[in-house]
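Report on the following structure.
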Number of protein chains: 2
Amino acid sequence: MAETRTTRERIRREAAALFRERGFNGTSMAELASAVGVTKSSLYHHFPSKQALLSEIIELTVSRVTPLVRAVAEMDLPVSERLGRAVVLHTVEAIRDQDALACFVEEGRYLAPDFMETHLANRDTYEQLFRRIFEEGIESGDFMEQDGGIAVKAILGMCNSVVRWYRPDGSRSPDEIASQFAHFAVRGAIASRAPAPSERRSPT
Amino acid sequence: MAETRTTRERIRREAAALFRERGFNGTSMAELASAVGVTKSSLYHHFPSKQALLSEIIELTVSRVTPLVRAVAEMDLPVSERLGRAVVLHTVEAIRDQDALACFVEEGRYLAPDFMETHLANRDTYEQLFRRIFEEGIESGDFMEQDGGIAVKAILGMCNSVVRWYRPDGSRSPDEIASQFAHFAVRGAIASRAPAPSERRSPT
DNA sequence: TCCGTAACCGTCCGGCCGTTCGGTTGACTA
DNA sequence: TAGTCAACCGAACGGCCGGACGGTTACGGA
């Protein structure tokens, strides 16, 4: 049916890039049209409205990444390993698909009520995947006692920040960044026998 | 000169709130005026432009918080303690002064070149405070070997995410959230004997 | 009493906004 | 040959945008 292969897809891609770098409300349909190389009218042949365009960009990416994370979350591995892999996966995807992910994270809030409902539902579903890992880890004693909801917000907040500062010409590769995030998240989460909260230099 | 005590201040406050919840480009001067209870014209009596208004909101908060963090950074305490306290401070302020901090973090990118220069300089100065703590910790061996720049982005990304999801009627107080963030950050940073839990990569 | 000044408002403006509508083209089908 | 349809365009739309400008009021000092 939907031949997503030519103009329609290019519109989506350019829109994601523009929405990300100028914001949804900072991007006009005229700018988008000229970036794609068509007229403003043609945009409306492919998408009923600017809102619908943003909504589709977001949904498409969420529905692609969610199953990937779910697969990791359901693997038969220690919780800390699953957490680490989920963080790596999320971060790598956030970098690979930066524009769309940025729309999801930063621009989704501009969706009108009709689209907002679906958007929030999708977001909750996604966060639940991380939350379950966390709560399982806390229950089993592998993770520190802490508020799972906040921990998930913290981790995703950390990961999602890449869309604001990552540059392809930077000194670190996506894999390196993802792995550093994962180490950070896992070390932050696990219950260590070693010193905890605030303390001093490590002697041993 | 600037009698910051009445209307001017109310404009700044309302603007910060509106810019945060609808975005800079999603907020019109008319909306702002009606929220303050004056006419659009009056806004221009106090501020030369919408851009200048945003710029002032941001600068005012940055110049308030930066010295606070600097004081913590320069304390005579173990690095991990300083890191924890800096994170607590940043998080608490980010929650107390949510609107302005959200403008700093999320809306600053819409500043025009003239204002942008100062903005970026201020931001760099602020991040440097955290960065120095981190690099000192890595050098002394208290913190894991890792990219200090990324670690700072990760921590601030985590902290700053509160402006997106914190609600005063939530189940956790600002202090609880801040302290959980701090524990998370410090545990994530310090060097422990526990083996690294993920699949690939470890620096040098 | 007059003047200066800070605070504020009413009115207007050109331009851009998202969106609509009425075409036109060209490839495919019967 | 005629009909269908997706793709696209030009021109226009009402409305709102940030901002400009010229008042008007209240007040305080000389």
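Quick caveat, the model's predicted, so the values are computed rather than measured. A, B, ... follow the sequence lines: proteins, then strands. Residue 1 opens every chain.
- Counting non-hydrogen atoms under 4.0 angstrom, A/S28 reaches the backbone sugars and phosphates but no base.
- The shortest distance between the side-chain N/O atoms of A/H45 and the OP1/OP2 oxygens of D/dC8 is not below 4.0 Å.
- In this entry the distance linking CE of A/M29 with C1' of D/dC13 reads 16 Å, nearest Å.
- Distances were taken from every side-chain heavy atom of B/Y44 (C-beta onward) to each of D/dG19, C/dG18, D/dA20; the shortest belongs to D/dG19.
- Other residues, nucleotides and ligands contribute at most 12 non-hydrogen atoms within 6.0 Å of the CG atom of B/D76.
- Remark on DNA chain C: of its neighbouring residues A/P48 and B/V38, the 5'-side contact belongs to B/V38, judged by nearest-heavy-atom nucleotide.
- Among the nucleotides D/dG10, D/dC8, C/dT19, the one closest to any side-chain atom of A/S42 is D/dC8.
- No N or O donor and acceptor, one from the side chain of A/T39 and one from the base of D/dG10, sit under 3.5 Å apart.
- A donor and an acceptor atom sit less than 3.5 Å apart, one in the side chain of A/K40 and one in the base of C/dT19.
- Checked against a 6.0 Å centroid threshold, the rings of A/Y126 and A/H90 count as neighbours.
- One can place CG of B/L43 at 13 Å from C1' of C/dA7, the figure rounded to the nearest angstrom.
- A straight line from CG of B/L32 to P of D/dC17 spans 12 Å, rounded to a whole angstrom.
- For D/dC8, the OP1/OP2 oxygens have a side-chain nitrogen or oxygen of A/H46 closer than 4.0 Å.
- As a whole-Å value, the separation of A/L54 CG from C/dG18 P is 13 Å.
- Regarding B/F47, its CZ atom lies at a distance of 16 Å from the P atom of C/dA6, rounded to whole Å.
- Nearest heavy atom pair, residue B/F134 against residue B/F143, reads O-CD1, 3.6 Å.
- Within the 4.0 Å cut-off from OP1 or OP2 of D/dC8, at least one side-chain nitrogen or oxygen of A/T7 is found.
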* Trace of the side chain to side chain donor-acceptor pair (under 3.5 Å) decision for B/D175 with B/S173 -> CA-CA 5 Å; B/D175 283 350; B/S173 73; 5.3 Å; no
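- One atom, CZ of A/F24, and another, P of C/dG18, lie 8 Å apart when rounded to the nearest Å.
- A salt bridge links B/E56 and B/R8; the closest N-O separation between the charged side-chain nitrogens and carboxylate oxygens is under 4.0 Å.
- Per the geometry, CD belonging to B/E31 stands 8 Å off P belonging to D/dG18, to the nearest Å.
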